[in-house]
Visitor: 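The following block contains the structure, expressed as structure tokens.
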Amino acid sequence: MPQRKIKTKKTKITSQPKYSFSQIEKKWQKEWAKNNYEIFHASDNPKKKHLYILDMFPYPSGEGLHVGHVEGYTASDILSRYYRMNGWEVLHPMGWDAFGLPAENYALKTKIPPQKTVPKNINRFREQLRSLGFSYDWQREINTTDPDYYRWTQWIFLKLYEKGLAYEEEVPVNWCDNCKTVLSNEEVQEGKCERCQSPVQRKHLRQWLLKITAYADRLLDDLNFIDWPERVKLMQRNWIGRSEGVEIEFKIDGLNEYLKVFTTRPETIFGVTYLVLAPEHPLIKTLVSQDRKTEVERYINEALNYSDFERQLNKEKSGIFLGIYAINPANRQKIPVWVSDYVLMNYGTGAVMAVPSHDKRDFEFAKKFNLPTKPVISPDKNLKEIPEPYEGEGIMINSGPFNGLPSKKAKEKIAFYVGGKKAVYYKLRDWIFSRQRYWGEPIPIIKCEKCGNVPLKEKDLPLKLPPLEKFQPTGKNESPLADIASWVNIQCPKCGGPAKRETNTMPQWAGSCWYYLRYLDPKNKKFLVDFKKQKTWLPVNLYIGGVEHAVLHLLYARFWHKFLYDLGIVSSKEPFFKLINQGTILGEDGEKMSKSRGNVVSPDEVIKKYGADALRMYEMFLGPLTSAKSWQTNGVIGVYRFLNRVWDLVTGSVLAKKEKKSEKIKMTKESQEKLKELINHLEITRQRTIKKVTEDIEHFRFNTAISTLMEYLNHLEEIPKEKIDKKHLETLILLLSPFAPHLCEELASSYLGFKKPLLKTKWPTYKPDVLKENQIVIVVQVNGKTRATLKVTKGLSQKEVEKQSLPLIKKYLNQKIKRIVFVPDKIINFVF
RNA sequence: GCCGAGGUGGCGGAAUUGGCAGACGCGUAUGACUCAAAAUCAUAUGACCAUUUUGGUCAUGAGGGUUCAAAUCCCUCCCUCGGCACCA
């Protein structure tokens with residue numbers, strides 16, 4: 001890409017003008033917008049070094065941009081600008097995640113169809129992002145609700161279907177009666193709908209599911225190779241919830257039936273005193289004894305009435321005896337079989353061998369129903385009393401031939417002894433993928449009475465979402481699309497008979513599962529992404545966004561990426577190599593910003609009052625990027641003052657030199673000396689500033705980068721303006737430009753005579769040896785307390801330092817010195 | 001309950017191979033400019049004690065330990081935030 005010379009009109013400088021941010025910011029935003037933001041375009045040229053810096057694209061809600069968006073987007077913009085100045089080709093795109101409930105609910109509220117409100121919201125978001133000077137490659141803008149985009153979302157679904165990874169099944173689902181749709185497990189938080197907080201109900205419905213469980217191991221293992229915050233990895237690990245154990249069969253006494261249990265602690269089997277089944281267990285009906293049938297049925301009906309959440313809330317154990325016994329394969333003991341809702345059908349085998357002595361839950365249950373307990377692991381050989389329940393490791397007791405073995409060693413032996421088979425279970429469930437709502441991608445499937453599910457042909461994509469007058473959810477377990485007879489009724493492409501379209505739509509997460517790919521090749525009509533292009537850019541080098549997507553978007557996207565990897569469409573195993581979560585910005589009251597609390601800060605207002613550069617700077621200065629912090633409107637003033645002082649310094653200095661004006665200040669000899677020293681020292685300060693700011697940016701420490709720049713400015717301000725060497729002004733502007741691009745661009749082009757835009761100007765460098773100063777300060781301590789400091793030349797010997805420091809601390813030395821600790825060039829400590 | 005992150009002035013925060021705690025900024029006070037206010041600039045600003053000055057003591061959630069030296073390392077405990085929550 002050819003470098004463009006700056007052609008903006010230069011401001012005529014006659015007297016020192018005031019910093020008028022709104023004019024300057026508008027001017028540069030207009031300049032950057034030339035040729036569809038050409039200056040921010042990223043080239044695919046394979047000869048360049050490529051870097052992909054990605055933001056989590058926003059949901060264009062009716063409320064507009066939030067200060068939380070600005071935080072992450074500013075951070076990624078600083079990095080994008082910094083790396084461009086260091087010669088990298090940086091891909092920094094933006095788009096819109098516009099399908100889903102919020103847009104639809106907003107449409108319902110305003111009675112305007114989402115087709116009209118969404119573009120309006122997008123326009124507002126786009127304007128807001130541009131008013132912040134973010135350096136996005138706008139020619140790559142994407143929108144998940146654009147048929148040219150979602151044809152490929154549908155295409156991926158068809159591939160999943162083709163490979164057997166998308167299937168329809170009647171399953172127990174989470175139903176939100178307020179949103180009138182099913183939810184995935186990931187969308188349920190503490191038993192409530194992630195979107196509207198209403199309690200989730202249990203329903204049994206036929207739904208589309210994606211077999212994410214087929215990827216459980218890879219999703220888990222590959223976490224080890226990516227540079228993500230530990231807590232996000234941990235959340236995904238916990239969510240996948242892999243546990244290794246064994247399956248063991250227990251024979252039912254007097255019947256030719258077996259109960260299979262899953263356990264991770266087979267070594268405790270001699271301590272099993274009863275078995276428990278989940279209320280949904282299919283064998284209950286066959287096993288229950290005649291005399292207990294009605295009672296058991298009553299209990300099960302009661303238990304099944306509760307949702308999972310209610311079952312978990314009620315921690316008080318409940319249950320009922322089935323009236324039958326099983327044989328413990330370890331010691332042939334007869335043990336009773338119970339039913340209880342503390343055992344879950346959708347994990348393991350739905351049956352548990354209970355070891356009350358070594359499991360807290362079993363212990364509570366046994367206590368409540370007076371069932372026996374039997375310890376089999378002792379924490380210590382000599383211990384007589386074993387605390388119950390004891391869940392740790394120890395020495396086997398009461399375990400026949402295994403007595404005396406360490407429990408860790410006994411594990412495998414006992415598992416083998418009772419005929420256990422190794423098994424692995426996961427907490428992760430398949431992803432319930434259909435929604436009974438209007439505003440989503442239609443699922444490209446046709447339902448034929450004869451042929452069953454018939455996938456659409458690729459050439460028939462995109463299957464467009466038809467416009468609809470009444471897009472209210474029906475609550476009838478189907479999408480409002482079901483009401484459009486002309487759309488629903490169709491000929492079966494296979495047999496030509498009457499058929500209907502699938503009316504459920506995809507969840508809002510579908511579009512965001514692969515959007516980072518489409519940025520690489522947004523206008524490709526033939527395929528979702530060109531193979532060469534994805535090879536150039538993937539995986540994403542840096543992904544910045546909120547932690548709230550840890551087990552939603554980030555898990556789903558990894559799943560789809562791995563699927564596309566298996567299809568040979570992408571060549572990296574993981575989509576996002578490095579992830580950073582920006583901390584939440586709380587309101588001034590320290591609470592989460594929300595309309596109901598009335599503590600929401602609008603970026604627009606801050607920009608109007610202080611400018612975009614000030615807002616960017618402020619959000620970065622507030623604190624470390626990754627930690628939560630509360631907004632302080634007063635704090636914006638600090639960075640605003642700083643920007644004004646930068647303006648005054650640069651314009652003032654340039655003018656002073658031009659007019660050969662010198663500030664006439666009466667100076668004493670002493671202050672003249674001081675000034676001379678200051679100026680002499682300034683080059684070291686400059687080099688240090690470059691080093692610190694560079695390192696801070698690379699380590700995402702934007703708050704301290706800014707304070708370093710403030711310190712540098714403080715130093716420069718101590719010197720008469722006409723005496724400041726131009727290189728200091730240039731360094732200041734270059735280092736500051738990723739943070740406050742508008743101001744810096746204006747000063748560089750109109751005052752400092754830069755010929756090229758700052759993005760095409762090289763980032764300043766420092767010489768490590770200049771940093772090595774000859775004069776250093778040694779701390780003089782007595783008994784570990786600092787009593788004086790000593791300015792000496794570097795590398796001075798202990799003897800010489802002692803000699804020079806002793807007179808300074810004479811009055812503290814009223815006892816004999818026992819010891820002297822000396823750390824060269826750092827500290828000397830006299831101890832008595 | 002389990003797991004993770006954290007606790008430093010009036011406030012946001014800085015300082016991590018252990019080496020001058022409080023950088024930078026906000027706020028506050030006083031002064032300059034002004035008829036006045038705002039803005040701006042200058043100086044001061046952890047707490048306490050003492051003072052004409054030099055100064056002294058205490059301080060990084062609490063208590064203990066290691067060390068010449070601890071915000072930083074170790075032990076015990078308290079609190080805040082986030083995640084998971086009968087997953088056998």
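Per chain, numbering begins at 1; letters A, B, ... match sequence-line order. Owing to the predicted nature of the structure, the values given are computational and were not obtained by experimental measurement.
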Visitor: Residues two or more places apart in sequence or in another chain: which of them pass salt bridge (charged side-chain N to carboxylate O under 4.0 Å, His left out) with A:Glu186?
Guide: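 Partners of A:Glu186 by the salt bridge (charged side-chain N to carboxylate O under 4.0 Å, His left out) criterion come out as none, since no residue qualifies.
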Visitor: Salt bridge (charged side-chain N to carboxylate O under 4.0 Å, His left out) with A:Glu230: which residues, sequence neighbours excluded?
Guide: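 With neighbours one apart ignored, the set is A:Lys233, A:Arg237.
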Visitor: Mind calculating the distance between OH (A:Tyr347) and C1' (B:rA88) to the nearest angstrom?
Guide: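 Result: 7 Å.
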Visitor: Taking side-chain hydrogen bond (donor to acceptor under 3.5 Å, both in side chains) as the definition, give me every residue that meets it alongside A:Thr213, ordered by chain and number, with sequence neighbours left out.
Guide: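 Counting only residues at least two positions away or on another chain, A:Thr213 forms a side-chain hydrogen bond (donor to acceptor under 3.5 Å, both in side chains) with A:Asp430.
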Visitor: Using whole Å, what does the distance between atom P of nucleotide B:rG83 and atom CG of A:Asn238 come to?
Guide: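 Result: 13 Å.
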Visitor: Looking at A:Arg641, does any N or O in its side chain come under 4.0 Å of the phosphate oxygens OP1/OP2 on B:rU40?
Guide: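 Answer yes for this pair, as a side-chain N or O of A:Arg641 is under 4.0 Å from OP1 or OP2.
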Visitor: Just call it for A:Arg237: base, sugar-phosphate, or nothing, with non-hydrogen atoms closer than 4.0 Å on any strand.
Guide: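 Result for A:Arg237 = nothing.
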Visitor: Once the angle between the rings of A:Trp431 and A:Tyr556 is folded into 0 to 90°, is it parallel (under 30°), tilted (30 to 60°) or perpendicular (over 60°)?
Guide: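 Ring orientation, 0 to 90° scale: parallel.
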Visitor: Please give the distance between the P atoms of B:rU40 and B:rG9 as a whole number of Å.
Guide: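 Approximately 28 Å lies between the P atom of B:rU40 and that of B:rG9.
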Visitor: Checking A:Thr708 now: which residues fulfil side-chain hydrogen bond (donor to acceptor under 3.5 Å, both in side chains) with it, not counting sequence neighbours?
Guide: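 Expected list: none.
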Visitor: In which ranges does RNA chain B form stems of 3 or more consecutive Watson-Crick or G-U pairs, distances under 3.5 Å?
Guide: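 RNA chain B forms these stems: B:1-7 with B:78-84, B:10-12 with B:24-26, B:27-32 with B:40-45, B:46-49 with B:55-58, B:61-65 with B:73-77.
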Visitor: My understanding is that only residues two or more places apart in sequence, or in another chain, count here; which of them pass salt bridge (charged side-chain N to carboxylate O under 4.0 Å, His left out) with A:Glu187?
Guide: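 Here the qualifying residues are A:Arg435.
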Visitor: Taking only residues two or more places apart in sequence or in another chain, which ones pass side-chain contact (heavy atoms from CB on, under 4.5 Å) with A:Pro229?
Guide: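 side-chain contact (heavy atoms from CB on, under 4.5 Å) list for A:Pro229, sorted by chain: A:Val232, A:Leu579, A:Asn581.
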Visitor: Under the salt bridge (charged side-chain N to carboxylate O under 4.0 Å, His left out) test, which residues partner A:Glu71, sequence neighbours left out?
Guide: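 A:Glu71 satisfies salt bridge (charged side-chain N to carboxylate O under 4.0 Å, His left out) with A:Lys629 only.
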Visitor: Is a donor-acceptor contact shorter than 3.5 angstrom present between the side chain of A:Lys360 and the base of B:rC86?
Guide: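 Checked by distance alone, the answer is no.
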Visitor: Kindly state each residue pair satisfying salt bridge (Lys or Arg N to Asp or Glu O under 4.0 Å) with at least one member in residues 699-720 of chain A, sequence neighbours excluded.
Guide: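 Residue pairs with at least one partner in residues 699-720 of chain A: A:Arg645-A:Glu717, A:Asp696-A:Arg701.
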Visitor: When you compare B:rA88 with B:rU80, how far apart are their C1' atoms, in angstrom units rounded to a whole number?
Guide: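 Between the two C1' atoms, the distance is 33 Å.
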Visitor: For A:Lys427 and A:Asn714, take the nucleotide of RNA chain B holding the closest heavy atom to each; which residue's nucleotide lies nearer the 5' end?
Guide: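 Going by which nucleotide is closer to the 5' end, it is A:Asn714.
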Visitor: On RNA chain B, does the nearest nucleotide to A:Gly638 precede the nearest nucleotide to A:Met235 from the 5' side, or the other way round? Give the residue.
Guide: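 Nearest-nucleotide comparison on RNA chain B picks A:Gly638.
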Visitor: Suppose you measure atom C1' in B:rG55 against the same atom in B:rU60; what distance do you get, rounded to whole Å?
Guide: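 Nearest-Å result for B:rG55 against B:rU60 at atom C1': 25 Å.
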Visitor: Measuring only the P atom in each nucleotide, how far is B:rC79 from B:rG22? A whole number of Å is fine.
Guide: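 Pairwise P distance, B:rC79 against B:rG22, rounds to 32 Å.
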Visitor: Please tabulate, one pair per line, each protein N/O and nucleotide N/O from nucleotides 54-57 of chain B that are separated by under 3.5 Å, including the distance.
Guide:
residue : atom : partner  : partner atom : Å
B:rG56  : OP1  : A:Arg787 : NH1          : 3.2
B:rG56  : OP1  : A:Tyr812 : OH           : 2.9

Visitor: Among residues at least two apart in sequence or on other chains, which ones pass side-chain hydrogen bond (donor to acceptor under 3.5 Å, both in side chains) with A:Ser22?
Guide: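 A:Ser22: no side-chain hydrogen bond (donor to acceptor under 3.5 Å, both in side chains) contacts found.
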Visitor: Have a look at A:Glu802 and tell me which of A:Gln804, A:Lys799, A:Gln798 forms a side-chain hydrogen bond (donor to acceptor under 3.5 Å, both in side chains) with it.
Guide: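 Only one option passes, and that is A:Gln798.
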Visitor: When the distance from NZ of A:Lys609 to C1' of B:rA38 is rounded to whole Å, what number comes out?
Guide: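 To the nearest whole Å, that distance equals 13 Å.
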Visitor: Could you check B:rG63 for me: syn (within 90° of 0) or anti?
Guide: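 Anti, which is what one calls it when the glycosidic angle falls more than 90° from 0.
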Visitor: Can you build the contact string for nucleotides 7-20 of chain B? Use B for base contact, S for sugar-phosphate-only contact, and - for no protein heavy atom under 4.0 Å.
Guide: ----SBSS----BB
